[in-house]
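First the proteins, then the strands, lettered A, B, ... as listed; each starts at 1.
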Protein chains: 2
Amino acid sequence: MTEPKTPDAATPADPAKKHGRDGKSNATIYDIARIAGVNASTVSRALSKPGRVSPKTQKLIEDAAAELNYHVNPFARALPTGKTNTFGLIVADITNPTFFDIIRGAETTATERDYTLVLAESAESPATELTAARRLMATVDGLILASPRMDDDNIRALARDKPVVVINREVEGVPCVVPDVHKGLSEAVRSLAGNGHRRIAYVAGPPQSWMSERRWEGVQAACEWSRLEAVRLESTKPTVDGGRQTARDVRASGATAVLTYNDLLAIGLMQELQAAGITVPDQISIVGFDDIFGADFTTPPLTTVRSPLGECGAGAATRLLDLLHGTGEPAGTLSVETELVLRGSSGRILSA
Amino acid sequence: MTEPKTPDAATPADPAKKHGRDGKSNATIYDIARIAGVNASTVSRALSKPGRVSPKTQKLIEDAAAELNYHVNPFARALPTGKTNTFGLIVADITNPTFFDIIRGAETTATERDYTLVLAESAESPATELTAARRLMATVDGLILASPRMDDDNIRALARDKPVVVINREVEGVPCVVPDVHKGLSEAVRSLAGNGHRRIAYVAGPPQSWMSERRWEGVQAACEWSRLEAVRLESTKPTVDGGRQTARDVRASGATAVLTYNDLLAIGLMQELQAAGITVPDQISIVGFDDIFGADFTTPPLTTVRSPLGECGAGAATRLLDLLHGTGEPAGTLSVETELVLRGSSGRILSA
DNA sequence: CTGCTTTTGTCAACCGGTTGCCAAAAATTG
DNA sequence: CAATTTTTGGCAACCGGTTGACAAAAGCAG
């Protein structure tokens, strides 16, 4: 049984002696030390660096820990090491279904790697996002930003503090996971070209959205290849209502097929056009983006370019955890492929 | 400038002297103490118990803290106090849109009250849920369980450790937030009765779902009042696919109106009936429950009994935070009202 | 068997805050 | 002005782990 070498007032009291362990107080390494007959530092080493103690001592300590139903106090461990086995995920809008598979993917990886996910949202505001990020940084080991709205410099500044991974945007000097829009868009435009469409409208997303620009560039490149005409229309917001509001512009554009920045715009557009007596896809084809929850509820169900959002979330979490464990790439972009999901909202145009 | 009274080896070194504060090291209360010319314990008091130091000293310390861009280390604070200003939320299925607004409501309240939300999911498994709960309990101040799948005894055991609030279920001895199904269901049944329906089918949710039983009881009570016939049908799972699979039973039941355990079942049912050439609502009325994201994407848009899920989330978070601050009710149920949202999927039956 | 090297457990300082207790200073009362 | 009470800042122990340094024990080579 260990005794303090110099039991005068200046020597820290044995905490286990101090606390009665009756009732619901949880066991500490001092309790284990007492039962196992070793020093608390030996217990700490046994639990966090198993090879650093002898097998015999290791077994004594593990048995005592099991007997006491010991669980490490995460604050006590975090204070000297700074490690909490948590990471943060900030999404732009928690009710936007684009993010739910991202969250699901990140959560799945977190659980597999014995980490806890902490969720926050930015409400589409760069300032709120930065505030949430700084606040999370105090307690988490690393951070994932999904469709971040803050500028690149702020993202890099955060990444100087702790590892950061970005989803749906490329930031120089920071590791990113980005859907490769080209494959899915190429498939979409090829499908529309094959169905006889000649003029395609792209309904853009928020002006500050990096991904909306990439998608527009993808649409242009694919249309150029298929020798189709591409026209760009703006939307006021990336929501169902925003899609409704673009219906008039879409009609006026003369396009026979529409590709939208996201599924919500496509769904709103479809609803408004149908309310105006226009038949989808006979009179106009509509293709959305992301394949969110509910995209197949519409009549006809929405053709869309699926972003593998679960893979994005899981991929970002894996990159972050690899960085935390010293095995990751500190910069560069991981691309995940998009693909066309053909449903009923796109097809051959039937009436001129 | 404070000096240690006895600067021998046994006296703890001044940590500020120890650390060079160059570069990215963050300021601590010892740095503030040095600048303000007070003891670190005075700084701690000034920052966490402002009235306990004199106004003059308070200002010195606040000015120094601002100058150093000081932020409290949450682990250091949590170690002696056990407080982290976080709470956990466990949902059954993170991609089930029922939880979107619950999460949003909880997150909004968290932000307003200067707390951080930690999200986890149980994947509909009681064992996984209990594991996640125990793990979260180590670091959060309290916990919200949304549609929990574990049994009442386990919930009460968790609540003995730290405050717990339950959503969508009543547990004796634990504070709960539950939608009051009666108002919304009464409105729904009244509406159907007014439209001439006489026989109503209820498509139930998971066998272990407390809420499904309450909804069935609500349907029965409302039908009894309106002198309608109520028949109960089982589903294999509470999903769109589960709804599709009940279409045959619904047809066979002879009911002219269907109320489902949730919107997903209603949407699947509608899709399958429409695929069979049955017109909604002319030949059969369909009413869902919860008013989830996407419920109005269908054609016709889904009539549903709206659970105010955002209010549930916010209400649960408020109850939890009130408990944490000693002002809350330690048990009992907070009811939030449901209401009928009439859309196009229910109406007068046109053909016998 | 001796000298050298490696292993292993202990000591105690530390991480960055909180807080009970105490004494000095300030304020109040008679 | 003196005695008493209240206020305020400092001391140091503490929260529950981690870990560098050190010394004793164990193992190995000559």
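Every residue meeting the ring pair (Phe, Tyr, Trp, His ring centres under 6.0 Å) condition with A:Phe100, not counting sequence neighbours, appears here in chain and number order: B:Phe100. Partners of B:Glu311 by side-chain hydrogen bond (donor to acceptor under 3.5 Å, both in side chains), not counting sequence neighbours: none found.
Atom pair B:Arg45:CZ and D:dC11:P shows a separation of 12 Å (rounding to whole Å applied). Going from atom NZ of B:Lys56 over to atom P of C:dA27 covers 12 Å, rounded to whole Å. Atom C1' of nucleotide C:dA23 and atom CG of B:Asn39 are separated by 14 Å, given to the nearest angstrom. Look at CD1 on A:Ile29: it is 17 Å from P on C:dC15, rounded to the nearest Å. Atoms NE2 (A:His71) and P (D:dG16) sit 15 Å apart, rounded to a whole Å.
Of the candidate nucleotides C:dT18, C:dG16, D:dT19, D:dT19 has the atom nearest to the side chain of A:Ser44.
Contact between the side-chain N/O atoms of B:Tyr30 and the OP1/OP2 oxygens of C:dT18 is not found at any separation under 4.0 Å. One finds a side-chain N or O of B:Thr42 lying less than 4.0 angstrom from the OP1 or OP2 phosphate oxygen of D:dG10.
Within the structure, the salt bridge (charged side-chain N to carboxylate O under 4.0 Å, His left out) test picks out the following pairs touching residues 49-59 of chain B (sequence neighbours left out): B:Lys59-B:Asp63. Counting only residues at least two apart or on different chains, the side-chain hydrogen bond (donor to acceptor under 3.5 Å, both in side chains) pairs with a member in residues 129-139 of chain B are A:Asp114-B:Arg135, A:Thr116-B:Arg135.
No side-chain heavy atom of A:Cys176 sits under 4.5 Å from any side-chain heavy atom of A:Arg169.
Salt bridge absent: A:Asp101 and A:Arg104 never bring a charged side-chain N and a carboxylate O closer than 4.0 Å. Taking a cutoff of 4.0 Å between a charged side-chain nitrogen and a carboxylate oxygen, B:Arg113 and B:Asp322 qualify as a salt bridge.
Within residues 47-55 of chain B, the residues having any heavy atom closer than 4.0 Å to DNA chain D are, in order of number, B:Arg52, B:Val53, B:Ser54. Within residues 72-86 of chain B, the residues approaching DNA chain C are B:Val72, B:Asn73, B:Ala76, B:Arg77, B:Leu79, B:Pro80, B:Thr81, by heavy-atom distance under 4.0 Å.
Checking A:Thr28 against A:Asp31 by side-chain atom types alone, a donor-acceptor pair falls below 3.5 Å.
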Note to self: Go through it in stages, so that I can follow the logic: the residues are B:Glu124 and B:Arg149, the test is salt bridge (Lys or Arg N to Asp or Glu O under 4.0 Å), and I'd like the CA-CA distance, side-chain angles, deciding distance and then a yes or no.
What the structure shows: CA-CA 7 Å; B:Glu124 301 285 348; B:Arg149 304 307 185 207; 2.6 Å; yes
